[in-house]
Amino acid sequence: MSETDDRSMLRMANELIGGRRSVRAFRSTPIDKTTITSILELASRAPSGTNTQPWKVTVVTGATQRRVIDALVAAFNDPEASTKYREEYPYYPREWQSPYIERRRKVGWDLYSLLGIAKGDKARMHVQHRRNVEFFGAPVTLFFTIDRIMEQGSWLDYGMFLQNVMLAARAHGLETCPQAAINDFHSILRELLQWPDNEAMVCSMSLGYEDTDAIESRLVTERTPVEEFTRFFD
């Protein structure tokens with residue numbers, strides 16, 4: 001491979017990886033099945049221990065997506081939702097500590113600032129949180145599940161597959177938003193999408209063309225410098 005090819009591949013990697021963001025506003029433009037299949041086929045080249053390939057994907061569009069959204073919105077708006085629904089697994093730490101709590105708060109307030117949502121405005125916060133279960137207007141929702149017999153190593157493998165999905169989507173000119181907020185309502189999704197009991201929900205992901213006119217699209221989250229999370233030994 002020539003030096004020119006090397007530079008071209010580096011630029012491509014910088015664009016695909018460096019430009020990836022969790023998009024929170026999509027256009028309604030449909031995505032054809034061929035494109036979705038191509039994305040998943042490329043993503044399936046992710047490594048997995050002894051080639052177990054633990055990922056299982058449910059693709060939802062059209063009328064089925066509408067039924068899912070209606071059910072999730074109804075559950076989200078239920079005043080007793082916190083007592084009726086429980087997440088499939090604990091995604092976040094049970095006790096927040098520095099620096100994670102500061103990072104969590106910052107991304108939240110950076111988004112609210114863009115949207116003009118003041119601290120304490122619970123009504124508008126609720127509406128914005130609800131956008132999660134509406135999949136931010138994306139025409140495609142991907143749901144990811146895993147066989148319950150699989151252990152922590154397979155969940156690590158799954159993360160690499162999910163990253164591949166997001167990068168492959170960008171290569172097709174599409175954007176994504178991986179979402180764990182949906183996990184609270186896995187029991188609803190299990191019934192609607194007929195998942196077997198032996199499968200646990202991992203997360204969902206919104207997929208589509210970014211609505212670049214939406215103010216949410218201005219949000220770019222910060223990343224910690226390499227020096228802060230890396231130790232080098234010679």
Side-chain angles (χ1 to χ4, degrees), residues 13-25 46-47 49 54 72 75-76 79 81-136 144 146 150-167 169-170 175-186 200-206 210 214-234:
N14 283 333
E15 169 61 22
L16 288 176
I17 301 173
R20 191 214 63 80
R21 295 178 298 115
S22 292
V23 168
R24 294 175 175 84
L72 292 178
F76 184 85
S82 61
T83 60
K84 288 183 178 180
Y85 306 105
R86 290 287 184 273
E87 60 185 345
E88 181 80 277
Y89 60 91
Y91 186 91
Y92 292 111
R94 300 190 187 280
E95 289 189 27
W96 285 96
Q97 297 180 0
S98 183
Y100 313 111
I101 185 61
E102 289 85 3
R103 294 172 184 167
R104 175 184 173 91
R105 287 171 176 164
K106 186 178 189 318
V107 70
W109 289 119
D110 283 352
L111 176 61
Y112 289 162
S113 178
L114 281 173
L115 295 171
I117 300 176
K119 190 173 184 178
D121 189 344
K122 294 184 178 180
R124 290 193 65 193
M125 288 180 187
H126 180 83
V127 171
Q128 182 58 33
H129 287 164
R130 192 174 65 210
R131 293 284 290 153
N132 276 283
V133 299
E134 297 167 340
F135 307 111
F136 304 109
F144 302 95
I146 187 171
M150 307 308 278
E151 295 289 354
Q152 189 171 10
S154 292
W155 286 72
L156 295 174
D157 297 339
Y158 217 123
M160 292 184 277
F161 171 74
L162 293 172
Q163 178 75 345
N164 273 6
V165 172
M166 292 183 274
L167 297 182
R170 300 208 73 231
E175 297 293 350
T176 58
C177 185
Q179 298 166 252
I182 310 299
N183 289 24
D184 286 355
F185 307 113
H186 63 93
M201 184 175 180
V202 177
C203 68
S204 64
M205 186 182 294
S206 298
E210 180 181 9
I215 195 167
E216 298 96 314
S217 296
R218 300 180 191 175
L219 179 66
V220 179
T221 55
E222 297 178 357
R223 288 297 184 269
T224 303
V226 172
E227 294 76 14
E228 291 190 22
F229 63 79
T230 308
R231 291 178 292 176
F232 291 95
F233 293 90
D234 291 327

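Proximity of a side-chain donor or acceptor of Ser206 to a complementary backbone N or O of Phe135 within less than 3.5 Å is detected. Judged purely by atom type and a 3.5 angstrom limit, Arg24 uses its side chain to pair as donor or acceptor with the backbone of Ser22. Of the possible donor and acceptor atoms, one in the side chain of Thr230 sits under 3.5 Å from a partner among the backbone N and O of Val226. A donor-acceptor pair is defined here as one N or O able to donate and one able to accept, closer than 3.5 Å; such a pair exists between the side chain of Asn132 and the backbone of His129. A distance-only check finds a donor-acceptor pair linking the side chain of Asn183 to the backbone of Val202 [under 3.5 Å].
One finds the CG atom of Leu115 at 10.0 Å from the CZ atom of Arg218 (value rounded to the nearest 0.5 Å). Interatomic distance, CD1 of Ile117 versus CG of Leu111, reported as 6.5 Å (0.5 Å rounding). Distance check: Trp109 CH2 to Lys106 NZ gives 13.0 Å after rounding to the nearest 0.5 Å. To the nearest 0.5 Å, atoms CZ (Arg104) and CH2 (Trp96) are separated by 4.5 Å. With rounding to the nearest 0.5 Å, the separation of CG in Leu16 from CZ in Arg20 is 12.0 Å. To the nearest 0.5 Å, the span separating OG1 on Thr176 from CD on Glu210 amounts to 10.5 Å.
Of all the heavy atoms in Arg21 and Leu219, the pair that sits closest is NH1-O, 3.3 Å. The minimum heavy-atom distance linking Ala214 with Ala25 is given by the pair CB-CB, 3.4 Å. Summarising the geometry of Leu72 relative to Val133, their closest heavy-atom pair is CB-CB, 3.8 Å, with the distance given to 0.1 Å. Gly116 and Arg124 make their closest contact through O-NH1, 2.9 Å (heavy atoms, listed as atom of the first residue, atom of the second, distance). When all heavy atoms are compared, the tightest approach of Pro54 to Met150 is CB-CE, 4.3 Å. Among all heavy-atom pairs drawn from Leu162 and Met205, the shortest one is O-CE, 4.0 Å.
Under the side chain to side chain donor-acceptor pair (under 3.5 Å) criterion, Thr221 pairs with Arg223, not counting sequence neighbours. The salt bridge (Lys or Arg N to Asp or Glu O under 4.0 Å) test applied to Arg103 returns no partner, not counting sequence neighbours. Qualifying side-chain contact (heavy atoms from CB on, under 4.5 Å) partners for Met160, counting only residues two or more places apart in sequence or in other chains: Ala46, Pro47, Asp157. With sequence neighbours left out, Tyr91 forms a ring-ring contact (aromatic ring centres under 6.0 Å, His included) with no residue at all. In this structure Glu134 satisfies the side-chain contact (heavy atoms from CB on, under 4.5 Å) test together with Ile69, Val73, Arg130, Arg131, sequence neighbours excluded.
Counting only residues at least two apart or on different chains, the salt bridge (Lys or Arg N to Asp or Glu O under 4.0 Å) pairs with a member in residues 83-101 are Asp78-Lys84, Glu88-Arg148, Glu88-Arg190.
Atom CD of Glu102 is surrounded by more than 12 heavy atoms from other residues, nucleotides or ligands within 6.0 Å. Residue Tyr89 qualifies as enclosed at atom OH: its count of foreign heavy atoms under 6.0 Å is above 12. Within a 6.0 Å sphere centred on CZ of Arg105, heavy atoms belonging to other residues, nucleotides or ligands number 12 at most.
Looking only at side-chain heavy atoms (C-beta outward), Met166 and Pro178 come within less than 4.5 Å of each other. Two residues are said to be in side-chain contact when any heavy atoms from C-beta on lie closer than 4.5 Å; Phe76 and Phe185 meet this criterion.
With respect to Arg170 and Glu175, a salt bridge is recorded, a charged nitrogen being found less than 4.0 Å from a carboxylate O.
You'll find the ring centres of Tyr85 and His186 outside the 6.0 Å limit. Here Phe161 and Trp155 keep their ring centres 6.0 angstrom or further from each other.
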- Assess whether side chain to side chain contact (heavy atoms under 4.5 Å, CB included) is satisfied between Met201 and Phe144, documenting all intermediate values. CA-CA 6 Å; Met201 184 175 180; Phe144 302 95; over 6 Å; no
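Between the side chains of Thr224 and Glu228, no donor-acceptor pair is found at a separation under 3.5 Å.
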